Every structure is written in structure tokens, then in C-alpha cells.
Protein chains: 2
Amino acid sequence: MTTPETPELHSVSADGGRRIPPASLTRLTIYLRALNSLLADGIERVSSEVLADAAGVNSAILRKDLSYLGSYGTRGVGYDVQYLNRQISTALGLTLDWRVAIIGVGNLGRALAGYSGFASRGFEIVALFDADKIVVGSEVGWLRVSAIDDLEAVLERTRANMAVLAVPAPVAQQLCDRLVASGITSILSFAPVVLQVPPHVQLRKVDMSTELQILAYHAQRAQDAVIESITDARSAQ
Amino acid sequence: MTTPETPELHSVSADGGRRIPPASLTRLTIYLRALNSLLADGIERVSSEVLADAAGVNSAILRKDLSYLGSYGTRGVGYDVQYLNRQISTALGLTLDWRVAIIGVGNLGRALAGYSGFASRGFEIVALFDADKIVVGSEVGWLRVSAIDDLEAVLERTRANMAVLAVPAPVAQQLCDRLVASGITSILSFAPVVLQVPPHVQLRKVDMSTELQILAYHAQRAQDAVIESITDARSAQ
DNA sequence: AGATGTGAAACGTTTCACAGCC
DNA sequence: GGCTGTGAAACGTTTCACATCT
């Protein structure tokens, strides 16, 4: 039993509208990648143990994560790779078509535009923007770069429903505001600033300098531990 | 009082060797950015409320985060911007010098090499590597790109102590293994694969397609909620 | 027999609310 | 009076361990 009480409370949606915990969501995208990899290798069935190893997590949490979606395994057997793949994709909303605009076509924007991981999972890049007049009009991948002045018009024409912000920090908030005003409600930002958005807008951030700083912290601790053990050894003499 | 019991247990390190919780660590890097911004504006004192707003968090958790480092504020007054900045930097290990090698000089690697956020916070890029013979030997920023065959030698000569992996998924694990064998213990990976490293190595990952998929999930839910409310309204007629 | 699905325990994080100090 | 620092409560996440089903 997946639904403990009141099986069909008020909604029709067959997949069940249960909310997936944030921590679980992150891992589900990893399982998806692992499943694709297994699929490519022609493997049809997988146990929670094996899939968890491939995803770098422990098997108990994998089973719990999957249980938020439903009961898609077979006891004593495992999971059907293809079926589970489809179930996770559906739960994450990857079966809908997502039309992504990339704002900023510097090296980072170009890297994103050329990133095959997008196209492969139902994300179609439909517009590129830049403020630099030299870049505007040039082709990157299959797309022509639009002027940032035409943001609103091009977003509407291309029916973009997601945006990736890959612009310098000082202009990020202002462009973010324009995206929101244009009706974009899902934004992924690479700009190293805290952006303010209204509550109905989903904003996620990728921050390389935060990641490096966290590494520095752990590396420092490792160093300190070595120094301390030398000091301890000396004072113990 | 910061240390509840046994004030000086066994170590000398003046800053106190307390472990900072992971969730807190992430936010500390954001506070640091906000503090730099205040510093640039010539602001000398700040309250937890104002700093928390600038960082996009609530003030209670900011105070708790800071309390893991020590007691650096003044009741009734707030925090000294410059002083707090230095305390956080020290706690995170940003006062040591970090020498970063970037593996892979595609668009992403170039974006990272040119990212000013690194240099500004004590991270010096000391080596660039690529497998493509056409790129090897060319200059990117102030550095000449080394051949991936020379990885071990150049890492040693440049005394790199951190690495950023910006290479295609299929070669990521093999290069990761070579980094670890060369004594690198801090790695930031942009490759969309699960990498296996020994426990003494700190590995962090930045994953753009995971982020987009999480956005897709929330956007789908928002859509579903609209559809459901229409359905509910109809059936209520 | 063997692997899933899941309550219950353990652990971590955030929020609340206020004592304590300036 | 005002803001920090922090116990205690509320909430979220992970792990354990085993009942449950094929």
C-alpha cells in the first residue's frame, strides 16, 4: 500500500500528486543517469544494491526514494531498468517539453549551449541572448544569438519556459527581473550573487566559488589534523 | 561561552577545531560574498537581520551559523563587517594558498579559467590541461595549456593542491584516478558521472542537468496544480 | 531464498523564543 | 531598547531492521 489513508481524496492525476522531498529529488536525477547507463549496456534488471552502488548512495535510501514515487519493484527480483527509467522520468516531469533560453553567451553560455546532457533529456534550447553587439547575430550551435534588447519578444515567440542565467554578477538581478516579468517561472542561475525572485518563481543556483571554498575548508582540516598529530606525538615524547 | 566544557582539551590551534555542519558551511560562503559587497559599499557594521536578508536566509540561522565559529558579534550592536569577514575567511581556510589545476580546456574550462571569482578569493590557477593536440601549447588567460600526458609532472612542478575536472564523462573517472594517484585530495567535478574516489579525497560535484531536472519537477507540479484547480472548479459546478 | 517497501530510531537542520549582554 | 547567542521544539533526512511479497 502506498497511500495509507483516503486513497482518492480529491484529485484525478493517476501518477499521484505526492510531494517528493528535496533531498530525494536530487538523487532521483542521479538514478536516472545510472539507469540510462545500464540501458545502454543492455541490462534489463537491477537490484537496489547494484543501482545504489552505481549512484554512489546506500541501498536503503534508494529504496525509500523510489517508494515516494510508488511501488515499482518486484520483491525477490529487483527493478526493471526500462520501466523504472520511465517512471522516474514521468515523476520528474521530463516527458513534458521544456524550452530553454540561455542568457549570456560567454564561455559559460557556450559550454551550456553545447552540452549534450540537455538535449538528451527533453530540454531543448530555443534561444540565446547576449548584450555584446559583436556576438549578436552570430551562430552558436544551431541557433542565432539574439540581442538582449529583444528578450521579451524572442522569449514569447520561441515560447521558452525556462531560462539559464550565465551573465556577469552586476547585471544578473536586472535580467532576472525581466525574465520574471516575461512570465518565466523556472530559472537556473550561474551568477555569483543572491537573486531576489517572487515566491512563485523557482530559482536554483550553481555556484563554483562556493564549491571551491567548501573544498578549501576540508583540505585545511585535513592539514590541521596532520599538524596536530605531529604536535601530539612530540608532546608525548 | 562558546565551549561548554573542557575549554582546552588537547589542541593548540587558536581558532578552535570545531567541525562546521555541512549546511552551515554552504551558507558561510554566501555570507562572505555579502560581506565583501558591504565592504565595497563602505559599510562597517551590520546586524544579523540585514546580513541575512542580503544572503537570502533568515536571521536566526545566520546567527546560529556564526555561533559555530565563535562569538564575533556585539549584543545590541551587530557585527563588524571587516572583522567578521576575516573570521569567516580564516575558518574556511581561505587564508592558505590554494593552487588549482583545471583539467579540460573546452568552453567550460575556459569559462572557469577566466572566472574572476577564483582569483579574488585566494584560489590561484596554476595549470591547464587538455587532450586535444591543437589546444595544447596555446595560451588561455596567462597560462599555457599543458598536454594531459604531462599531468603528473606538471602537477608536481606547479605544486597544485586542488583540481577542477571539466572533461567529457567517458574520460572523467580515468583522469580522476590519475589526479588521486598524483596526491590531489580536493577535486571539483563538472562531469555528469558518479566518480569513485578513496575516502581521504574530497570530491564535490556541480551538475547542471540535475539542476534543470529539479526545475522541471517543480514547474510540472505548478502546471498540475493549475489543471487540478480547473478540474475541481468544473466538478463543483 | 531473496529483494522490496516501510515503520521506527538515530541523526541533522531549521525555527522559535528568550535569556543575556551591550 | 536592541541585538546577539543559544537551549528547546519542530521539522527533515538517513539508517536500521524486518515484515512482506514473489
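The sequence lines fix the lettering, A, B, ..., with proteins before strands; numbering per chain opens at 1. The shown structure was predicted, so the numbers you read here are calculated from the model rather than taken from an experiment.
Panel note: side chain A:W98, backbone A:G93; a donor-acceptor pair is recorded below 3.5 Å.
Across all non-hydrogen atoms, the minimal contact from A:S89 to A:R121 is OG-NH1, 3.0 Å.
Atom CG of residue B:L94 and atom CZ of residue B:R86 lie 14.0 Å apart, to the nearest 0.5 angstrom.
Nucleotides of DNA chain D nearest to A:P22 and B:G73 differ in position, and the one nearer the 5' end is that of B:G73. With the nearest nucleotide of DNA chain D identified for both A:D65 and B:A60, B:A60 has the one nearer the 5' end.
For A:Y68 and D:dT13, the OH to P distance is 7 Å, given to the nearest whole Å. When rounded to the nearest whole Å, the span between CD of A:E49 and C1' of C:dG2 equals 12 Å. Following rounding to the nearest Å, B:Y72 (OH) and C:dC22 (P) show an atom-to-atom distance of 17 Å. Taking atom CZ on A:R27 and atom C1' on D:dT15, their separation rounds to 12 Å, with Å as the unit. One atom, CG of B:L62, and another, C1' of C:dT14, lie 13 Å apart when rounded to the nearest Å. Rounded to whole Å, the distance from CG on A:L84 to C1' on C:dA3 is 14 Å. In this structure, B:L66 atom CG and C:dT13 atom C1' are separated by 16 Å, rounded to whole Å. As a whole-Å value, the separation of B:I20 CD1 from C:dT14 P is 14 Å.
Checked against D:dT6, C:dT13, D:dC16, the side chain of B:P21 finds its nearest nucleotide in C:dT13. If you check C:dT4, C:dT13, D:dT13 against the side chain of A:R75, the one that comes closest is C:dT4. Of the candidate nucleotides D:dC3, C:dT14, D:dC18, D:dC18 has the atom lying nearest to any side-chain atom of A:R63. Closest approach to the A:I61 side chain among D:dT14, C:dT14, D:dG5 is made by D:dT14 (side chain taken as heavy atoms from C-beta onward). The side chain of B:A23 lies closest to C:dT14, out of C:dT14, D:dT14, C:dG5. Taking only side-chain atoms of A:K64, from C-beta outward, the nucleotide of C:dT4, C:dG7, C:dA17 with the closest atom is C:dG7. Taking the side chain of B:N58 as heavy atoms from C-beta on, and the options C:dC22, C:dT15, D:dC18, the nearest nucleotide is C:dT15. If you check C:dT4, C:dT6, D:dG5 against the side chain of A:Y79, the one that comes closest is C:dT4.
Note on A:S71: a side-chain N or O is less than 4.0 Å away from OP1 or OP2 of C:dG5. In terms of phosphate contacts, A:S48 brings no side-chain nitrogen or oxygen within less than 4.0 Å of OP1 or OP2 of C:dA3.
Looking at heavy atoms from C-beta onward, B:R45 lies out of side-chain contact with B:V81 at the 4.5 angstrom threshold.
For B:Q220 and B:D224, the side-chain atoms include no donor-acceptor pair closer than 3.5 Å.
Note on B:R45: nothing from the nucleic acid sits closer than 4.0 angstrom, heavy atoms only.
A centroid separation of 6.0 Å or more is found between the aromatic rings of B:Y79 and B:Y72.
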